[in-house]
Amino acid sequence: MIHDARVQVLRPGTPRREGFVLLWVQAGVRTRDNHALEYAVREANRLNLPLVAVFGLTPGYPEANARHYAYLLEGLRDLRANLAARDVPLRVTLGSPPEVALNAAGEGAALVVTDVGYTRLQREWREWLVDRLDVPLVQVESEAVIPVGVVSGKQEYAARTIRPKIHRLWHDYLVPLDTHDLKKRERDWDGGEDVTDPTRLLKTLPIDHSVPPGDEEGGETAAHDLLEDFITRKLDGYATRRNDPTVDGSSRLSAHLHYGQLSPLSAAIAAREHGGPGADAFLEELIVRRELSFNYTTDHPHYDRYAGLPAWARATLEEHAGDRREYTYTRAELDAAQTHDPYWNAAQRQMTRTGRMHNYMRMYWGKKVIEWTPTPQQAYDALLWLNNRHEQDGRDPNSWVGVGWVFGLHDRPWTRRPIFGTVRYMNAGGLKRKFDIEKYARQWAE
DNA sequence: ATCGGCTCGCGCAA
DNA sequence: TGCGCGAAGCCGAT
């Protein structure tokens, strides 16, 4: 089922009666549980037209490097194969995504269907296309379990304010998506770039190659293998094991979700069917926390800036901006994991080597950088830079929210203390109390 | 080992 | 207008 609230007409009009339906893929790089794809298939069948797809591959995506592009290209490789099995040919074209979509539409689109991403740039791409297209454009939301605008129309203050709104709605949206066979097939649709060998194509792209690919394979096939493994082997222990950075207890699905290779609906339905406390904990992360980050980037004009943090948090940090810092490090020293703190260095190395830092360590990692930089603004910029450079899912809405949390976003005040003011403080004592931090340090030793 | 206090602002009850 | 309470904590008192 495709809920009406998922579908938004961005450019109204009557579809042409000839040509093809065009699916402009931006966010949903998959065929399973992709509402935009299924909507496009139904529209093509209704209009008795074929369906084709296009992806604009921009080498200029802000902050993206070889680590990110490798994962994206693996996703496109799988997408082309999986769409072909649905009789939908995919073209991958180098260039600005909305321009690529506009040019493809110019070849005879009756109607353009697209999906939804939640960053400023993705919104601007859609707006750019709306202004120039001369056929209808429909967006179908599939990266959120519940459409962002349905959950809330304003910036939520914290998880506790968005949670009841989500819980009220989620049973209406946690419903399977049925598929239809495409009736008409387009045979003459140029495929553009060859994505069968992502490594080869990656080398030719004029991007930042200084960060190598991470340690996990991208793409829809790997995503579903990982999901199955997670549900059968890890979900039962998830509620407790996910908080221990020395064991493999987290889902590792975040990057697949970020690149649209895994539908959050697929993951949510699989977890709910399995049940238990692990499923509850996972659905909290997958739906409540994830939609809270979409809410932040959608309803906050400065979601990626220090100035966008809550007023109480900025005020208290600025009151303490003149407090003495025992250690200060440059961005390069942090990047190279060259601090006096072996636990911090271990976390940094886990991230640079694998593309993932354990969630609990990420909080500690962020809090320490507040202590070790001259001003909170510099701490914010450094953390965001490090996160977006090395994390496989960097530049996801959860990147800005995760870094923002370190500075008090979606959190509450605590005891006043130097440097932090009333923003929550963390220290290595907590790591020692909660788990075997020495083991973690050994796991990620130099 | 466990517990209360720290501190702000939202949202609901009244 | 008052009141309860909140993603992951810390610290000192018992």
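In what follows, chains carry the letters A, B, and so on, assigned in the order in which the sequence lines appear, proteins first and then strands, with residues in each chain numbered from 1. This one's a predicted model, so the numbers in the text were calculated from it and none came from an experiment.
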* To do: Using the C1' atom on both, measure B:dA14 against C:dG4 and round to a whole Å.
  => 14 Å
* Expressed as a whole number of Å, how far does the P atom of B:dT2 sit from that of C:dA7? -> 23 Å
* Asked: Got more than 12 heavy atoms from elsewhere within 6.0 Å of CZ, A:Arg42?
  -> yes
* Describe the nucleic acid contact of A:Arg362 in one word from base, sugar-phosphate, nothing, applying a heavy-atom distance below 4.0 Å. => nothing
* Nearest-Å distance for atom pair CE/C1', residues A:Met361 and C:dA8 -> 13 Å
* Whole-Å distance between C:dA7 C1' and A:Leu286 CG? -> 16 Å
Each nucleotide N or O in nucleotides 10-14 of chain C that has a protein N or O under 3.5 Å away: list the pair and distance.
unit_1 : atom_1 : unit_2   : atom_2 : d
C:dC10 : OP1    : A:Asn427 : N      : 2.8
C:dC10 : OP1    : A:Asn427 : O      : 3.3
C:dC10 : OP1    : A:Asn427 : OD1    : 3.1
C:dC10 : OP2    : A:Arg433 : NH1    : 3.1
C:dC10 : OP2    : A:Arg433 : NH2    : 3.0
C:dC11 : OP2    : A:Asn427 : ND2    : 3.2

* **Base-contact (B) and sugar-phosphate-only (S) positions in nucleotides 9-14 of chain B, heavy-atom cut-off under 4.0 Å, - elsewhere** => BBS---
* Would A:Asp208 and A:Ser210 satisfy side-chain hydrogen bond (donor to acceptor under 3.5 Å, both in side chains), going step by step from the backbone distance to the final call? -> CA-CA 6 Å; A:Asp208 174 7; A:Ser210 67; 2.6 Å; yes
* Asked: Contact class for A:Ala159 vs. all strands (heavy atom < 4.0 Å): base, sugar-phosphate, or nothing?
  -> sugar-phosphate
* Pick the P atom in B:dG9 and in C:dC10, then give their distance to the nearest Å. => 23 Å
* Asked: Pairs counted as Watson-Crick or G-U wobble with both distances under 3.5 Å: what dot-bracket string results for DNA chain C, using | for bases tied to another strand?
  -> ||||||..||||||
* Structure fact -> A:Phe407 atom CZ is separated from C:dA8 atom P, nearest whole Å, by 18 Å
* Starting from the C-alpha separation in whole Å, work towards a yes-or-no answer on ring pair (Phe, Tyr, Trp, His ring centres under 6.0 Å) for A:Tyr71 and A:His256. => CA-CA 9 Å; A:Tyr71 209 87; A:His256 288 299; 5.2 Å; yes
* Should we count CD of A:Glu124 as having more than 12 external heavy atoms under 6.0 Å? -> yes
* To do: For B:dC10 versus C:dG9, give the span between their P atoms, rounded off to a whole number of Å.
  => 24 Å
* Asked: Between A:Asp225 and A:Phe230, is any pair of side-chain heavy atoms under 4.5 Å apart?
  -> no
* Verdict with supporting geometry, A:Phe435 and A:Tyr360, ring pair (Phe, Tyr, Trp, His ring centres under 6.0 Å) -> CA-CA 11 Å; A:Phe435 40 78; A:Tyr360 195 91; 5.5 Å; yes
* Structure fact -> Closest non-hydrogen contact found for A:His35 with A:Leu265 is CE1-CD2, 3.6 Å
